[in-house]
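Every value quoted in this text rests on a predicted model; they were computed, and no experiment measured them. Counting starts at 1 for both ligands and their atoms, following the listed order.
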Amino acid sequence: MTNDRVRTLVEDLERTLVEFIRTHRVTHAEYRSATDVLVAEVQAGEGSLLFDVFLEAAATDTDNHGRPGSVEAIEGPFYLPGAPWLDGPPYVLPQRPEEPGMPLVFHGTVTTETGEPLAGVELDLWHADANGQYSQIHPGIPEWNLRGRFRCDGHGRFEVRTIAPPPYEIPKDGPTGRVLDALGRHYFRPAHLHVKLRHPRFGERTSQLYFPGGEYLDSDVANAVRRELVMDVHVVDDPARTARHDLKEPFVDARYDFAFAADAAMTRA
Ligand SMILES: [Fe+2]
């Protein structure tokens with residue numbers, strides 16, 4: 001980002017906020033309460049959670065505007081780089097013996113935006129467990145549980161077995177929770193899978209995928225659900241198909257096809 005870009009953005013933000021203070025006749029006590037919330041956010045270790053809840057999805061919308069291919073989505077605060085590469089295929093996300101939750105087979109294809117299969121794309125998948133908690137973020141969960149990396153095959157197809165995550169609450173006991181309380185909003189995000197796609201020539205894309213008909217789809221606390229990010233989902237209760245995935249019970253079949261648009265900067269290089 002150039003200094004010119006910083007100047008343009010910061011000066012417009014300053015004008016916008018000054019106008020906001022005048023319009024709403026914000027008192028000095030109210031102003032100081034607002035800055036106290038930002039200080040408390042950092043002191044509580046919530047990082048950028050407050051901004052991410054209210055603003056991150058708008059920034060990804062800006063990135064998506066006018067760009068071909070699948071839309072991107074918010075990364076959220078729980079991504080960790082360096083997840084283990086999975087052995088396979090077949091790929092199974094690291095999980096505890098008897099990991100709670102209905103089995104989920106997540107599969108699909110990765111193509112270019114013109115529909116040509118993209119071989120060897122890296123998928124970096126992470127999601128919450130059946131209690132809505134993430135390994136290395138919440139205590140008592142084995143390292144890298146429900147996190148892992150694998151690749152598409154030579155035809156751009158991928159498939160991995162894991163468990164279906166539930167909706168979960170974002171941290172609610174800190175300053176972000178107090179702001180949501182003041183607004184009368186709940187703390188829930190709908191059930192979702194996080195995934196990053198990487199290709200040496202196309203770059204990296206961040207997605208977040210949702211289940212049709214899921215709770216909180218229409219009232220996500222982070223306002224991040226987009227119609228294009230909802231997977232094609234159904235339950236499979238056919239012994240022949242469950243056995244094929246080394247399962248004895250019904251599973252959730254979730255399909256999503258990614259169209260990986262070339263990164264203009266990378267393809268120029
Ligand atoms: Fe998440």
S.K.: Which pairs pass salt bridge (Lys or Arg N to Asp or Glu O under 4.0 Å) with one or both residues in residues 83-96, sequence neighbours excluded?
M.R.: Arg96-Glu99, Arg96-Asp129

S.K.: I'd like to know if Asp173 pairs up with Arg178 as an ion pair, taking the criterion as any Lys NZ or Arg NE/NH1/NH2 lying under 4.0 Å from an Asp or Glu carboxylate oxygen.
M.R.: no

S.K.: Can you list the steps and then say if Phe106 with Phe158 is a ring pair (Phe, Tyr, Trp, His ring centres under 6.0 Å)?
M.R.: CA-CA 8 Å; Phe106 172 50; Phe158 68 89; 5.1 Å; yes

S.K.: Of all the heavy-atom pairs spanning Pro165 and His127, show the shortest one and how long it is.
M.R.: CB-ND1, 3.8 Å

S.K.: Provide the tally of protein N/O/S atoms nearer than 2.8 Å to the Fe ion (ligand 1).
M.R.: 4

S.K.: Side chains of Thr111 and Thr109: any donor to acceptor distance under 3.5 Å?
M.R.: no

S.K.: Is the shortest side-chain N to carboxylate O distance from Glu72 to Arg67 below 4.0 Å?
M.R.: yes

